[in-house]
**Q** 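Sharing a structure here in structure tokens format.
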Amino acid sequence: MNAQPITEVAESRPLPSDSASVSRAVTPALELCGLSKTFTLGGGLFKRGRTLGAVSNVSLRIPRGQVMGLVGESGCGKSTLAKMLLGLTTPSDGDVLVDGRPVRGADQKALARHIQPIFQDPYSSLNPRKRIAQIVGLPLRVHGIGTPREQAAHVAETLDVVGLPRRAAEQFPGQLSGGQRQRVAIARALVMRPDIVICDEPTSALDVSVQAQILNLLLDLKAEFGLTYLFISHDLAVVEHLVDRVAVMYLGRIVEEGTREQIFGSPRHPYTRALLDSALTPEPGLGVPDIGLGDATPDPSDPPAGCAFHPRCPKAQATCRQQRPRLEDIRGDNARVACHLA
Ligand code: SF4
């Protein structure tokens, strides 16, 4: 098999014509259209299982070069959503569009050139028996891009980009600090020069001081490579300085979405307000914040009727127990909220 030249890593996508360039400018880099994922729990030959709606009817648009924060408590469906975006889980309904093209049925290798993940735990996501050069260079080898010499040069260049010394190439993950390992994970994601990066809690396993360094690095890389990020976190404080827009997720549904200024300056959903209050605790970013609503998160396989948040909502009224509020742009300011009182 002939290796693809390394210079084509970034240019390996179809080149757009002039008219395609115009549509590329307006087409979101990533679009989620009514995305849902249900799982069936239990059940057997004569017994119907219970249906768990992990993600329900999520629609989001992320313009090219922007950062969308996706925030919610652990277990709200964020990671299931990330897996669907990466083609690792098939949606039960809806579509994911990358550059206007559906991911469903797309070739996984082709998809990997556009969209790459950075996961939470650099300790478990890196093979401890491989050297850093092998880990970072693996996508190039899988895709048959470049000669071994070119691959090694590209890996070295990518280590430079993420702020790792070149000698790290010969080391094993166990010889690096937590922050350095996360830089390796970022280098592995960027070695294919993707357009979109799904950052799934990329700093939550790190010390607070290291978190800031990694967040700054992600911002620098976004500017340098024109990346589009979906940044998933349980903690609003972590995403505040990174995002252009924020979507807040509760029990598989988006309950509020707007610009950073709208969400942080004038949140309208009681759940968003609770998350913001928790972000003001003395050590934001440490573990799962106490959102001050108790730990009675409803069972996703048996969600409450009406507004799923009503058992925990300090403002719940009778209507809230009966009618699920629609996610709507009520004020016409391009912000959406799902609350009867908004
Ligand atoms: Fe609270 Fe009712 Fe709004 Fe739900 S709809 S968030 S229960 S006020």
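Ligands are counted one by one from 1 in listed order, and the atoms in each one are counted from 1 as well.
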**Q** Using only atom types and a distance under 3.5 Å, with no angle test, would you say the side chain of K37 pairs donor to acceptor with the backbone of T90?
**A** yes
**Q** Under 4.0 Å from any heavy atom of H269, which atoms of ligand 1 are there?
**A** 6 (S)
**Q** Is there a donor-acceptor pair closer than 3.5 Å between any side-chain N or O of S233 and the backbone N or O of V238?
**A** no
**Q** Closer than 2.8 Å to atom 2 (Fe) of ligand 1: how many protein N, O or S atoms are there?
**A** 1
**Q** Taking K315 for its side chain and L341 for its backbone only, find out whether a donor-acceptor pair lies under 3.5 Å.
**A** no
**Q** Can any side-chain N or O of H310 pair as donor or acceptor with the backbone N or O of C307 at less than 3.5 Å?
**A** yes
**Q** Going from CZ on R336 to NE2 on H269, what distance comes out if it is rounded to the nearest 0.5 angstrom?
**A** 13.0 Å
**Q** Hey, is the main chain of A308 close enough, under 3.5 Å, to the side chain of R253 for a donor-acceptor pair?
**A** no
